[in-house]
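What follows is a set of notes on a single structure, which appears directly below.
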Amino acid sequence: MTVENPWAEFTKQVIEALQLSSGQDLSQYLELPTDSHHGDLACTAAFHLTQQLKKSPAEIAKELAVFDPIRFPLIEQVVAQGPYVNFYINIIPYRRLVVEAIQSAKDAFGRSTQFAGKHVVVEYPAVNPNNPLHVGHARNAVLGDTTARLLQTVGYDVTRMDYINDLGLQIAVAYWALKHLDASKYKGKYDQIVGRLYVEAQEHYDESQVRKYLKQMEQGDNEVAAEVRKLTERVLRAHHKTHAQLNVHHDLLVWESNIAHSGLFAKALEKIMAAPTTSRPTKGEKAGCVIVDLSAYEEFQQLKDTDKVLVRSDGVATYTGKDIAFHFWKFGIIKDPFHYKPFKSPKTGDTIWTTSNSGETGHYHSADIIYNVIGIPQSQAQRTVYLTLQTLGYEQASTNYYHLAYEFVTLPGAKFSGRKGTWIGFSTDDVIREATRRARKEVKKRNPEADARFLRQVAEAIGSAAVRYALLKVAVEKQIVFRWEDLLNFDGNAAPYLMYTHARASSILRKELPPSKVRLSELTNPYETELIKLLGRFPAIILEIVHGIKREVWGTRIELFHLAEYTHSLCVAFNSFYNHCPVLKADTKVLKGARLLLVEMCRQVLSNALGLLGIKPLERI
RNA sequence: GGGCCCGUGGCCAAGUGGAUACGGCGACAGGCUUCGGACCUGUAGAUCCGGGGUUCAAAUCCCUGCGGGCCCGCCA
């Protein structure tokens with residue numbers, strides 16, 4: 001039988017061997033050794049069993065370091081090194097497992113069905129449709145898109161959602177600017193033009209006029225509302241050009257204006273009022289408001305006021321109130337009230353559906369789990385939403401609501417501001433353009449004969465991948481200070497290096513493919529062994545990231561950079577192998593065959609890993 | 001006033017109880033009669049922000065101080 005996850009198989013045998021030697025489950029004490037001399041998997045249980053067994057750690061380690069090689073063929077040896085118990089993988093059966101797993105699964109190597117049957121909604125990047133994406137938005141989009149890819153890989157049914165806030169003051173101002181300012185002086189993409197106009201409008205927009213527009217937008221079903229929808233859709237299409245370059249995709253767009261006119265909030269309010277923790281005081285500071293009492297939660301007790309307003313005294317819902325209603329819909333607590341239309345996005349190539357004031361119904365089925373990709377600065381607001389869901393009695397929804405948090409990207413000494421226009425020159429488009437320009441020079445240098453089409457396509461793929469990877473390889477809770485040199489460095493731990501490695505492997509395979517019969521026993525040197533071990537870990541890496549998704553007080557952490565790190569180390573190992581082990585000119589024909597197979601497997605796994613990272617694996621760059 | 005995130009070689013940045021602190025950039029020295037040099041091999045470079053504490057064991061946990069970023073509205 002072919003195994004899907006070779007590393008898990010080895011780990012299982014180690015855990016069982018320890019179970020036999022100790023009589024207990026010691027899996028929690030397993031860790032990867034820092035040094036390969038210490039084996040492939042280490043157990044530190046001996047430290048913790050001293051009390052229980054009244055022996056020294058070294059003695060215990062010695063007793064733990066026994067196993068039956070017949071029963072556990074994947075373990076070559078177990079060595080007690082001081083207090084540590086080190087397990088060494090038996091490469092002979094293991095490489096057989098790895099080869100079979102990759103050869104049978106191919107593009108699907110790394111996939112599993114462990115989480116099948118659950119519907120997950122991932123929402124990102126919710127950029128206001130009156131600005132282009134700046135680099136911080138790109139971080140959001142890239143995290144969301146990669147998370148969606150990862151969750152799909154482990155079997156979830158994933159909906160990639162975007163929320164479009166087309167009703168805010170900022171949209172009314174942008175609309176005013178379009179009506180009253182000269183748009184022709186700005187060139188380029190529509191979101192760039194609107195973004196510039198919006199910055200310009202800050203100084204002299206007519207407030208009463210903008211208020212009137214806002215009122216009409218909120219009422220809907222009038223010319224202003226229709227024109228604003230046109231404006232925001234056009235901006236959104238411009239966003240999708242940027243998304244396409246970043247390889248970011250969506251399935252469903254939800255518009256604030258459609259929510260506003262759907263009757264969703266009225267239904268939500270009934271449910272909100274039915275809860276014992278909500279009320280509408282008749283006197284005091286919050287007379288006439290709908291409030292929820294959050295005093296049961298310790299962190300709110302510190303605040304001046306533990307009552308959170310969900311509906312203002314003038315009858316308008318607050319942001320939190322609206323968010324509660326929105327999530328009632330997402331979780332299916334309220335029946336889907338929306339109409340849907342296809343939203344053509346030739347740029348990303350996706351079949352996207354969008355909410356609309358007319359059209360079909362039933363294009364959404366309720367979610368089991370929600371991931372909202374939102375910045376860490378919003379963590380208290382997000383916590384308020386899911387804790388409110390809990391006090392209202394929707395335990396399940398609250399538990400399955402995850403604020404996928406990340407720190408912002410800033411400029412040296414400044415932050416991104418749509419209003420102030422600090423993004424100008426640092427929009428995602430600008431950054432990708434510069435990276436692409438740089439990539440084009442490099443590609444041309446290496447492919448002097450190549451035609452313009454090849455140059456453009458490859459340069460664009462590399463440039464945008466460089467940006468995407470740079471945003472992905474840093475832990476989410478770390479603030480990123482934007483520096484050109486970080487994004488434009490194409491050496492080392494950067495997307496171009498990974499893509500180059502893939503092209504190198506492809507180049508060998510273009511010249512010759514591995515034979516149908518290969519003698520795996522030829523693969524014995526440390527370069528080859530290291531590669532085989534890394535290849536076998538890929539499915540486990542994916543599952544570790546998904547299992548590691550963890551809610552913290554500041555938000556939910558996902559360690560996507562582990563995937564980046566894995567991919568980088570696979571490339572390092574491959575390039576080292578490449579430089580030390582001739583493939584096509586190997587000493588013997590059987591060795592050549594075996595190495596060709598190894599190259600093919602590396603190319604396959606690298607391709608799968610790059611795909612998860614949202615990077616197109618190219619055969620030539 | 002309360003709360004959150006970050007602080008690791010010149011720069012960026014993993015590691016969040018366990019072995020000699022993983023890498024990348026930059027620096028320095030090597031490697032193409034060899035499959036793509038966006039490569040490889042090696043060297044130098046670390047008071048893990050400071051001070052206490054807990055532990056057999058602390059970059060990691062606790063207390064405290066410092067520095068940087070951020071949040072605490074019937075706003076969005």
Side-chain angles (χ1 to χ4, degrees), chain A residues 29 31 33-35 37-38 42 44 46-48 50 56-57 81-84 86 128 165 167-170 285-291 299-305 308-314 316-319 321-322 375-381 383-384 405 407-408 410 415 439 442-443 445-447 462 473-481 483 485-486 489-501 503-512 552-555 559 561-562 565 568-569 571-572 574-586 592 595-596 599 620-621:
Chain A
Y29 301 118
E31 60 181 41
T34 47
D35 185 327
H37 292 108
H38 297 135
T44 58
F47 289 112
H48 305 274
T50 48
S56 76
Q81 275 158 289
Y84 297 90
N86 295 330
N128 286 335
N165 189 354
L167 278 192
L169 180 70
Q170 70 281 6
E285 246 188 351
K286 290 180 174 165
C289 296
V290 172
I291 57 170
E299 65 263 50
F300 291 96
Q301 288 163 6
Q302 319 280 355
L303 302 178
K304 282 176 259 173
D305 194 341
K308 181 76 195 167
V309 175
L310 300 181
V311 182
R312 302 192 319 220
S313 54
D314 64 1
V316 178
T318 62
Y319 200 79
K322 287 181 194 171
I376 288 181
Q378 304 255 32
S379 59
Q380 179 150 329
R383 220 168 143 67
T384 304
E407 260 299 354
F408 280 178
T410 64
K415 53 182 175 177
E442 297 291 322
V443 177
K445 203 162 77 193
R446 291 167 177 79
N447 302 275
I462 294 173
K473 73 171 180 181
V474 180
V476 288
E477 66 269 29
K478 214 103 161 181
Q479 199 175 79
I480 296 179
V481 177
R483 288 194 181 87
E485 57 268 34
D486 293 341
N489 186 0
F490 288 180
D491 304 324
N493 191 6
Y497 172 74
L498 312 180
M499 296 171 87
Y500 172 74
T501 307
R504 251 184 166 181
S506 304
S507 175
I508 292 178
L509 297 168
R510 252 196 316 276
K511 298 188 170 72
E512 191 168 343
E552 309 279 351
V553 282
W554 51 271
E559 294 176 315
F561 63 85
H562 282 322
E565 277 185 340
H568 178 244
S569 54
C571 289
V572 169
F574 180 82
N575 283 314
S576 185
F577 159 78
Y578 183 96
N579 269 274
H580 294 97
C581 312
V583 177
L584 297 175
K585 294 187 179 168
K592 178 168 89 170
R595 283 183 176 165
L596 277 168
V599 171
R620 297 172 201 260
I621 67 171

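By convention in this document, chain letters (A, B, ...) are assigned in the order of the sequence lines, proteins followed by strands, and residues within each chain are numbered from 1.
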> Given B/G36, is OP1 or OP2 found less than 4.0 Å from the side-chain N or O atoms of A/K511?
Replying inline: yes
>> With rounding to the closest Å, how many angstrom separate the P atoms on B/U43 and B/G3?
In response: 48 Å
>> Students often get this wrong, so: under 4.0 angstrom with heavy atoms, is A/P496 touching a base, only sugar-phosphate, or nothing?
In response: base
> When you check the phosphate oxygens OP1 and OP2 of B/G15, does a side-chain N or O of A/T34 lie under 4.0 Å from one of them?
Replying inline: no
>> Is it the case that the side chain of A/T318 and the backbone of A/L310 share a donor-acceptor pair, with hydrogens and angles ignored and the cut-off at 3.5 Å?
In response: yes
> OP1 or OP2 of B/A76 sitting under 4.0 Å from any side-chain N/O of A/K322?
Replying inline: no
>> Between B/U16 and B/A57, how many Å separate the two C1' atoms, rounded to a whole number?
In response: 15 Å
> If we take the C1' atom in both B/C12 and B/A46, what is their distance in whole Å?
Replying inline: 15 Å
>> Does the structure show a Watson-Crick or G-U wobble partner for B/A29, both distances under 3.5 Å? Name it, or say none.
In response: B/U41
>> Once you apply a heavy-atom cut-off of 4.0 Å, does A/I621 come out as touching a base, just sugar-phosphate, or nothing?
In response: base
>> Just the rounded figure in Å: distance from C1' of B/C40 to CG of A/N575.
In response: 8 Å
>> Going by centres under 5.5 angstrom and planes under 30 degrees, do the aromatic ring of A/F47 and the base ring of B/G18 stack?
In response: yes
>> By a 5.5 angstrom centroid cut-off and a 30 degree plane limit, is there stacking between A/H568 and B/G23?
In response: no
>> Taking 4.0 Å as the cut-off, does a side-chain nitrogen or oxygen of A/K415 come that near to OP1 or OP2 on B/C70?
In response: yes
>> I need the CZ-C1' distance between A/F574 and B/A38, as an integer number of Å.
In response: 14 Å
> Base, sugar-phosphate, or nothing: which does A/T318 touch, judged by heavy atoms less than 4.0 Å apart?
Replying inline: sugar-phosphate
>> Taking only the P atom of each, what is the distance from B/G37 to B/U20 in whole angstrom?
In response: 38 Å
>> I'd like to know if the side chain of A/K308 reaches the main chain of A/T384, judged simply by a donor and an acceptor atom lying under 3.5 Å from each other, with no hydrogens or angles considered.
In response: no
>> Using the C1' atom as the point on both nucleotides, what is the distance between B/A59 and B/G9, in whole Å?
In response: 14 Å
> Quick one: is B/C75 close enough that its OP1 or OP2 comes under 4.0 Å of any side-chain N or O from A/R312?
Replying inline: yes
> How is A/N579 classified with respect to the nucleic acid when contacts are heavy atoms under 4.0 Å: base, sugar-phosphate, or nothing?
Replying inline: base
> Should A/R483 be listed as having a side-chain N or O under 4.0 Å from OP1 or OP2 of B/G26?
Replying inline: no
> Is the backbone of A/Y497 close enough, under 3.5 Å, to the side chain of A/D491 for a donor and an acceptor to pair up by distance?
Replying inline: no
>> With rounding to the closest Å, how many angstrom separate the C1' atoms on B/A14 and B/C22?
In response: 6 Å
> Is the shortest side-chain N/O distance from A/K286 to OP1 or OP2 of B/C74 below 4.0 Å?
Replying inline: yes
> Where does the angle between the aromatic ring planes of A/Y84 and A/F47 fall among parallel (under 30°), tilted (30 to 60°) and perpendicular (over 60°)?
Replying inline: perpendicular
> What is the distance, rounded to the nearest whole Å, between atom CG of A/D35 and atom P of B/G23?
Replying inline: 10 Å
> A/N165 side chain to A/L167 main-chain N or O, any donor-acceptor pair under 3.5 Å?
Replying inline: yes
>> Is it the case that B/A19 (base atoms only) and A/N86 (side chain only) share a donor and an acceptor within less than 3.5 Å, ignoring hydrogens and angles?
In response: yes
> Taking OP1 and OP2 of B/G18, is either one under 4.0 Å from a side-chain nitrogen or oxygen of A/T44?
Replying inline: no
> For atom C1', what is the distance between B/C4 and B/G51, given to the nearest Å?
Replying inline: 24 Å
> Any donor-acceptor pair under 3.5 Å linking the side chain of A/R595 with the backbone of A/P582?
Replying inline: yes
> Using the C1' atom in both, what is the distance from B/C25 to B/G45, to the nearest Å?
Replying inline: 14 Å
> With respect to the phosphate group of B/C32, does any side-chain polar atom (N or O) of A/Y578 fall under 4.0 Å of OP1 or OP2?
Replying inline: no
>> At 4.0 Å (heavy atoms only), tell me whether A/I462 reaches a base, stays on the sugar-phosphate, or touches nothing.
In response: base
> Under 4.0 Å between a side-chain N/O of A/K445 and OP1 or OP2 of B/G37, yes or no?
Replying inline: no
>> Measuring from atom NZ of A/K286 to atom CD1 of A/I291, what distance do you get when rounded to the nearest 0.5 angstrom?
In response: 6.5 Å
> Across the strands shown, which category fits A/E485 at heavy-atom distances under 4.0 angstrom: base, sugar-phosphate, nothing?
Replying inline: nothing
